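Since the structure is predicted, the reported quantities are computational estimates derived from the model, not experimental observations.
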Amino acid sequence: MLFTFFSGLLTRLQTSAPTVRTLLLSNSFSQNIPSCLWKLGRLNHVAIAVPDLEKAQSLYKDVLGARVSETVALPEHGVYTVFVELGNTKLELLHPLGEKSPIASFLQKNKTGGMHHICIEVDDIKAAMAELKKKKIRILSEEPKIGAHGKPVIFLHPKDCHGVLVELEQA
């Protein structure tokens, strides 16, 4: 009976929405998605805007026992960054650098800080940009900028990504 339910559901998903990912009975995922010239990769980091960088570093290093990087200034992005190493990804602590910092305006609205963006790796950032533009996803810069890892990055408008600021980074 359960098999019949899942079989019927699978058939409906495949016929009514051919671009939906469908769960196969073998528990593997099959992508019935049009092929792209680029691929989405792993979650690189979750960025958190913090009003007090030293206090945030201390929380992750001294209280939680994580490996924490040194502070790095990125004037072209208007931020200081610190990376917190986790087993399967990283946290990026962001603090304003300069008056025009996007993090300064974020912290004006969110006094105690909070999640700023997620970063996902892509295998071809230029192809991703071209395809996303065709799909009417707004990119916040005309060209990729060099990010905190020394690799090209772009940001996608949060209004086009269900309220989440998404950073794509060349893998």
How long is the span from the [atom1] atom in [X] to the [atom2] atom in [Y], to the nearest 0.5 Å?
X: K151; Y: Q170; atom1: NZ; atom2: CD; result: 8.0 Å
X: L132; Y: H157; atom1: CG; atom2: NE2; result: 14.5 Å
X: T112; Y: D52; atom1: OG1; atom2: CG; result: 12.5 Å
X: E121; Y: L43; atom1: CD; atom2: CG; result: 8.5 Å

Going only through I, L, V, M, F, W and Y residues with side-chain contacts under 4.5 Å, is there a path from [X] to [Y]?
X: V164; Y: V122; result: yes
X: I118; Y: M129; result: yes
X: V72; Y: F83; result: no
X: L168; Y: L74; result: no
X: I137; Y: L140; result: no

For a 4.5 angstrom cut-off between non-hydrogen side-chain atoms, does [X] reach [Y]?
X: I48; Y: V84; result: no
X: V46; Y: T89; result: no
X: H149; Y: N44; result: yes
X: L64; Y: L59; result: yes
X: I146; Y: V153; result: no
X: L107; Y: P96; result: yes
X: Y60; Y: L93; result: yes
X: H77; Y: L94; result: no

- Message: With a 4.0 Å cut-off on N to O distance, would you call E143 and K126 a salt bridge?
- Response: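 Salt bridge present between E143 and K126.
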- Query: So, D160 and R138, do they make that salt bridge, N to O below 4.0 Å?
  - Reply: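 Salt bridge: yes.
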For [X] against [Y], the heavy-atom pair lying closest together:
X: L53; Y: T71; answer: CD2-CG2, 3.7 Å
X: I103; Y: V79; answer: CG1-CG1, 3.3 Å
X: I120; Y: G41; answer: CG2-O, 3.6 Å
X: S69; Y: Q57; answer: O-NE2, 3.6 Å
X: H116; Y: A49; answer: CB-N, 4.2 Å
X: M115; Y: F106; answer: O-CZ, 3.4 Å

- Query: Around atom NZ of K145, are there more than 12 heavy atoms of other residues, nucleotides or ligands at under 6.0 Å?
  - Reply: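 No, because the 6.0 Å sphere around NZ of K145 holds 12 heavy atoms or fewer from other groups.
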- Message: Tell me if the CD atom of E70 is crowded by more than 12 foreign heavy atoms within 6.0 Å.
- Response: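 For E70, atom CD is not crowded (no more than 12 foreign heavy atoms under 6.0 Å).
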- Query: Quick one: does S105's side chain have a donor or acceptor within less than 3.5 Å of a partner on P102's backbone?
  - Reply: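 Side chain of S105 to backbone of P102: a pair is present.
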- Side chain of K111, backbone of Q108: donor and acceptor closer than 3.5 Å?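 At least one qualifying donor-acceptor pair exists.
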- Task: For H117, check ring-ring contact (aromatic ring centres under 6.0 Å, His included) against everything at least two apart and list the hits.
- Result: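 H117 satisfies ring-ring contact (aromatic ring centres under 6.0 Å, His included) with H45, F155 only.
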- Query: Of the options K61, K90, E85, which is the one that meets R67 in a side chain to side chain contact (heavy atoms under 4.5 Å, CB included)?
  - Reply: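 Among K61, K90, E85, the one meeting side chain to side chain contact (heavy atoms under 4.5 Å, CB included) with R67 is E85.
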- Task: Determine, stepwise, if the pair I125 / I154 fulfils side-chain contact (heavy atoms from CB on, under 4.5 Å).
- Result: CA-CA 8 Å; I125 201 158; I154 59 170; 4.0 Å; yes
